[in-house]
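Here is how names work: the chains are called A, B, and so on, in the same order as the sequence lines, proteins then strands, and each is numbered from 1.
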Number of protein chains: 2
Amino acid sequence: MSTGPAFKRLPRAVRQQQMLDSAVRIFSRRGYHGASMDEIAEVAGISKPMVYAYLGTKEELFVACLHREGTRMMEAIAGAADPDLPADERLWRGLRAFFGFVGAHRDGWAVLYRQARAEQPFARELTVMRARLVEVAAGMLDHALRAEGREVAHTELEVVAYALVGASESLADWLADHPEADPEKTATQMMNVAWLGAGQLLRGVTWHPPQG
Amino acid sequence: MSTGPAFKRLPRAVRQQQMLDSAVRIFSRRGYHGASMDEIAEVAGISKPMVYAYLGTKEELFVACLHREGTRMMEAIAGAADPDLPADERLWRGLRAFFGFVGAHRDGWAVLYRQARAEQPFARELTVMRARLVEVAAGMLDHALRAEGREVAHTELEVVAYALVGASESLADWLADHPEADPEKTATQMMNVAWLGAGQLLRGVTWHPPQG
DNA sequence: GCGTAACCTTACGCACGAGTAGGTATGCTT
DNA sequence: AAGCATACCTACTCGTGCGTAAGGTTACGC
């Protein structure tokens, strides 16, 4: 039989991307432990040893996924954030980029957020990325504060930023589970909660617990 | 040798609790898959077949943990929420109870939030619990709205509630990772973000995206 | 045209951990 | 004191899935 080779030979770079695509998909569906290297290889249209040859062990493969998806996300957000814009516009663009990314890469988001979080070995990677997001948000708040001549302790700012990031992640999560949802609209709703709350804080309005 | 039995014979109910305590601890540290039934049994001071005899398979054991911790948490929150209080006081008490619980049961929180979320089979359980939290939050907002004679579409309300719950979870997560942090203070900070933002919404203030 | 390197495969070893079979000891009841 | 239920154990089976050894095939340089 000369039907030719069943599988085409492709250059390394291309195969690597195929493998990563496949891995992200399987990891997001089955979870880190639930995913088998065999299935990842199969979906990538390649056999298992190739995966080991190109991307290393399962753990290394997962880190590679994490890295690629994380980088893509950070770039998407960074690309939208122009430091010269007024604070609300800047926040708006950042949020829109964020939700846009999640809407377009639901699998990547699931790997990044749900999986990496649960597994000890990868928690650190995720923490670093999240810390950067918090830093960005805190920086924005700080900038806006100074513009109004006000000042707040950095720790306070960070907690607020942390809450905002958390709320965004939560809505992103919801978005990932609802394919019919519109990222743009989700971003607007997040903006409503975030900006109005933050705006109050910026004006020096605070809430205090009742005495007791 | 008549040193007596190395391990005391204990009634079923007591051993069950020991096993659950052990399981929650191990699951929170190693994750669902990373945890081995052998280790859980060892930490509980018992042998493996006993665990199977009392709590069933690994999956059933995990569900039992989820159930116990989830019930404890919901009770802690429900016990603090008095429907007759004004909205801000009610939110404050709920948040304080929530963060107080997380601070006192960091392991339980890790199992509930981080683990259950990542594993397909348990996602549903968690989703239900979360939906109840969102419902509670949305109900509070709705109540406050009506008191001011305003009205907002239920869907809108739910998304805001979702964001608030997400922000709280995020801060709770941060709390679980920082043993030195004060739950009370965390609750206050959450209250600041939540109530100020929500308060604006209640007054009919909204944010709109710039045209483009 | 022919070697060589890169691509790709089948087929296995091996460890680890879920779940069980079958047996022993202890205390409560009559 | 015999009997019976319950607490408890040691020591296995067996599936699953990571990681690899050893060998086949295609393209490209000369």
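- At a cut-off of 3.5 angstrom, counting only N and O atoms as typed in the model, there is no donor on one side facing an acceptor on the other between the side-chain of B/Arg12 and the base of D/dT6.
- Here the nucleotide nearest the side chain of B/Met37, chosen from C/dA18, D/dC18, C/dT9, is C/dA18.
- By the 6.0 Å and 45° rule, A/Lys58 stacks over the aromatic ring of A/Tyr32.
- Contacts of B/Ala35 with the nucleic acid, taken as non-hydrogen atoms under 4.0 Å apart, involve only primed sugar atoms and P, OP1 or OP2.
- Of the candidates D/dG19, D/dA7, C/dC8, D/dA7 carries the atom nearest the B/Arg9 side chain, counting heavy atoms from C-beta on.
- Counting atom types as modelled, A/Lys48 pairs a side-chain N or O with a base atom of D/dG19 as donor and acceptor under 3.5 Å.
- For B/Tyr52, taking side-chain heavy atoms from C-beta onward, the closest of the listed nucleotides C/dA18, D/dC18, C/dT9 is C/dA18.
- Distance alone, capped at 3.5 Å, is enough to place a donor-acceptor pair between the B/Glu60 side chain and the B/Thr57 backbone.
- Put simply, CD on A/Gln18 is 9 Å from P on C/dC8, counting in whole angstrom units.
- Going from atom NE2 of A/His33 over to atom P of C/dC16 covers 13 Å, rounded to whole Å.
- For C/dA6, neither phosphate oxygen OP1 nor OP2 lies less than 4.0 angstrom from any side-chain nitrogen or oxygen of A/Arg15.
- Among C/dT9, D/dG17, D/dC9, the nucleotide with an atom closest to any side-chain atom of A/Ser36 is D/dG17.
- Across D/dC8, C/dA18, D/dG17, the shortest atom-to-atom separation from the side chain of A/Asp38 is found for D/dG17.
- Residue B/Leu10 contributes atom CG, which lies 15 Å from atom C1' of D/dC9 at whole-angstrom precision.
- Rounded to whole angstrom, the span from the CD atom of B/Glu59 across to the P atom of C/dG17 amounts to 18 Å.
- In this structure, B/Ala13 and B/Pro49 both approach DNA chain D, and ranking their closest nucleotides by distance from the 5' end singles out B/Ala13.
- Distance CD (B/Glu39) to C1' (C/dA18): 15 Å, rounded to an integer number of Å.
- Distances were taken from every side-chain heavy atom of B/Thr57 (C-beta onward) to each of C/dC7, C/dT10, C/dG19; the shortest belongs to C/dG19.
- Listed nucleotides: D/dA7, C/dG17, D/dC18. Nearest to the side chain of B/Tyr54: D/dA7.
- Rounded to an integer number of Å, the gap from CE of A/Met50 to C1' of C/dT10 is 14 Å.
- Separating the CZ atom in B/Phe98 from the CE atom in B/Met190 is a distance of 9.0 Å, to the nearest 0.5 Å.
- More than 12 heavy atoms of other residues, nucleotides or ligands shown are found within 6.0 angstrom of CZ on A/Arg114.
- Rounded to a whole Å, the CZ atom of A/Phe62 is 14 Å from the P atom of D/dC18.
- In terms of modelled atom types and a separation under 3.5 Å, the side chain of A/Thr71 and the main chain of A/His67 share a donor-acceptor contact.
- When the P atom of C/dT10 is taken as reference, atom CD of A/Glu42 falls 11 Å away, rounded to whole Å.
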